[in-house]
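Have a look at the structure below before the remarks.
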Amino acid sequence: MALSPIAILGTGAYAPNRILTNEELAQRVETSHDWIVSRTGIRERRVADPGQTTADLATEAAREALANAQITPQDVDLLILATVTPDLDMPATACLVQQKLGIPSGAACFDLNAACTGFLYALDVAWAMLSSGRYRHALVIGAERLSSVLDWEDRTTCVLFGDGAGAVVLGASRRPGSAILASRLHTVAGTAELLHIPGATFSFDPADPKRVIRMKGKEVFKLAVRAMEDVARELLEQQGVSGDQIDCIIPHQANQRIIDSIAQYLKLPLDRFFINLDRYGNTSAASIPIALHEARMQGRVQPGQLVLMVAFGAGLTYGGALVRW
Ligand code: COA
């Protein structure tokens with residue numbers, strides 16, 4: 001018997017209450033609201049409370065996605081959590097979320113690190129695992145507590161990032177046509193040093209072992225534009241779809257100027273792109289699922305429409321997914 005296509009059945013998102021504005025940042029480092037807005041588009045970001053963990057953020061987003069998909073935690077047999085800010089080195093934060101949500105013993109639960117492309121990597125892996133017929137419902141979460149890995153004295157990075165979580169439920173499609181149609185994942189070889197957090201036993205620069213984000217912003221910017229443009233074209237060509245046929249593009253929310261450039265290169269109107277980075281900054285693996293959820297809530301993604309998601313991140317990883325809603 002042919003297996004049903006796999007679709008996104010529900011979405012959810014959560015951001016901590018605490019808003020950190022550009023003006024507040026300008027009191028900590030030498031920067032200004034105008035500089036941050038003109039170079040990035042970011043106006044504010046959310047920051048987790050001291051006691052709030054990545055698992056807490058993930059759990060809130062996941063609860064909403066489960067309710068939206070009208071399934072219970074008992075129905076979930078696969079949980080993949082994309083993050084670069086796990087609560088522990090082991091076990092995986094996914095195991096903590098399993099417990100918090102009451103997902104039954106026996107479910108497969110693991111973390112995945114593909115940095116800001118993490119959600120799209122996790123979506124691809126979950127799609128493949130469900131398509132094998134061995135799992136029924138997957139919870140795919142992107143959750144980050146980046147405020148804990150920022151150097152708050154480095155104005156070239158601390159203004160860019162924020163905390164949050166987004167989640168989707170995947171399962172057998174419930175509507176004719178609604179399905180994940182395609183996904184492509186890539187990594188640019190030899191670019192690991194451009195954007196990294198030193199580990200417990202290794203740092204590219206032994207004189208700088210602090211476990212905070214280090215980035216060569218200009219190089220990342222150029223590669224990001226090229227990568228997202230390339231993967232968007234690859235997916236459209238592979239699926240025989242023209243840019244005009246895409247109803248909504250959900251790009252990784254890193255920088256308004258990166259999104260402007262992609263729109264220009266792909267010759268697509270900017271209003272086709274969903275953008276919320278002004279309110280959240282870059283939330284890494286959480287960025288796309290938060291944006292997807294908000295796009296749905298605002299009616300920007302409707303049944304039957306074609307949605308293209310594209311992301312890039314440390315690695316440098318990049319990827320895209322094409323979904324018929
Ligand atoms: N406030 C004020 N000035 C700042 C600043 C800040 N927050 N951050 C950097 N500057 C300064 C620099 O020190 C530099 O000063 P100098 O000319 O005296 O040396 C000047 O602004 C220009 O810096 P530059 O790095 O050329 O700026 P930029 O236009 O490239 O913008 C980024 C910097 C980080 C915003 C941009 O490179 C970027 O967005 N890169 C991609 C980052 C990204 O998306 N990373 C996440 C990947 S998932």
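Note that the numbering runs from 1 along the sequence shown for the chain. Any value given below was found using the heavy atoms of this structure, including those in side chains, with hydrogens, waters and symmetry copies removed. First listed ligand is number 1; within each ligand, the first listed atom is number 1. Since this is a predicted model, take the numbers as computed values, not measurements.
Short contacts between ligand 1 and Cys116, defined as distances under 4.0 Å to a heavy atom of the residue, involve ligand atoms 48 (S). Below 4.0 Å from some heavy atom of Leu195 lie the following atoms of ligand 1, by number and element: 47 (C). Near Thr156, meaning under 4.0 Å from any of its heavy atoms, are these atoms of ligand 1: 8 (N), 9 (C). Close contacts between ligand 1 and Thr40 involve ligand atoms 35 (C) [criterion: under 4.0 Å to a heavy atom]. Counting the atoms of ligand 1 from 1 in the order shown, those under 4.0 Å from a heavy atom of Asn255 are 35 (C), 38 (C), 39 (O).
Ion pairing of Glu60 with Arg63 is present here, as a side-chain N (NZ or NE/NH1/NH2) and a carboxylate O approach within less than 4.0 Å. Under a 4.0 Å N-O distance rule, the pair Arg28/Glu24 does not qualify as a salt bridge. The existence of a salt bridge linking Glu153 and Lys210 is excluded, since no basic side-chain nitrogen approaches an acidic carboxylate oxygen closer than 4.0 Å. Contact check on Asp151 versus Arg214 returns a salt bridge, with a Lys/Arg side-chain nitrogen under 4.0 Å from an Asp/Glu carboxylate oxygen.
Protein heavy atom in closest approach to atom 8 (N) of ligand 1: Trp35 CH2, 3.3 Å. Nearest protein heavy-atom neighbour of atom 44 (O) of ligand 1: Ala254 CB, 3.5 Å. Of all protein heavy atoms, the one lying nearest to atom 46 (C) of ligand 1 is Asn282 ND2, 3.4 Å. Closest to atom 47 (C) of ligand 1, if we only count protein heavy atoms, is Phe312 CE1, 3.3 Å. The protein non-hydrogen atom at the shortest distance from atom 45 (N) of ligand 1 is Met215 SD, 3.1 Å.
Considering backbone and side-chain atoms alike, Arg39 places an N or O below 3.5 Å from some N or O of ligand 1. Distances between N or O atoms of Ser32 and those of ligand 1 include no value under 3.5 Å. By the 3.5 Å distance cut-off applied to N or O atoms, Arg257 is counted among the residues near ligand 1. In terms of polar-atom proximity, defined here as any N/O pair under 3.5 Å, Thr31 does make such a contact with ligand 1. At a 3.5 angstrom cut-off on N or O pairs, Gly217 counts as close to ligand 1.
The protein reaches atom 11 (C) of ligand 1 closely, with a heavy atom under 4.0 angstrom from it. Within 4.0 Å of atom 19 (O) of ligand 1, not a single protein heavy atom is present. Atom 14 (C) of ligand 1 is never approached by the protein to below 4.0 angstrom, counting heavy atoms only. When distances from atom 3 (N) of ligand 1 to the protein are checked, a heavy atom turns up under 4.0 Å. Counting only heavy atoms, the protein gets under 4.0 Å from atom 6 (C) of ligand 1.
Proximity of Ile36 to ligand 1, defined as any heavy-atom pair under 4.0 Å, is not found for any part of the residue.
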In sequence, state the C-alpha distance, the side-chain angles, and the governing distance for Thr31 and Arg155, and then conclude on side-chain hydrogen bond (donor to acceptor under 3.5 Å, both in side chains). CA-CA 7 Å; Thr31 189; Arg155 67 177 182 174; over 6 Å; no
Go through the steps to decide whether Asp111 and Thr83 satisfy the test side-chain hydrogen bond (donor to acceptor under 3.5 Å, both in side chains), and finish with yes or no. CA-CA 7 Å; Asp111 287 0; Thr83 188; over 6 Å; no
Would you sort out whether Asp205 and Ser203 count as a side-chain hydrogen bond (donor to acceptor under 3.5 Å, both in side chains), showing the intermediate values? CA-CA 5 Å; Asp205 177 2; Ser203 170; 5.8 Å; no
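Taking all heavy atoms of Lys218, Glu30, Gln253 into account, the minimum distance to atom 24 (P) of ligand 1 is reached by Lys218.
Judged by distance alone, the side chains of Glu144 and Thr283 never bring a donor and an acceptor atom under 3.5 Å apart. Residues Gln264 and Asp260 bring no donor and acceptor atom of their side chains to less than 3.5 Å of each other.
Between His252 and Phe312, the two ring planes are perpendicular [angle over 60°; tilted spans 30° to 60°].
By the 4.5 Å heavy-atom criterion applied to side chains, Ile8 and Val140 are not counted as neighbours.
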Under 3.5 Å, side-chain donor or acceptor atoms of residues 95-108 against the rest of the protein: list the pairs with distances, not counting sequence neighbours.
unit_1	atom_1	unit_2	atom_2	d
Gln98	NE2	Pro104	O	3.1
Lys100	NZ	Asp56	OD1	2.8

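Not a single donor-acceptor pair under 3.5 Å links the side chain of Thr117 to the backbone N or O of Leu120.
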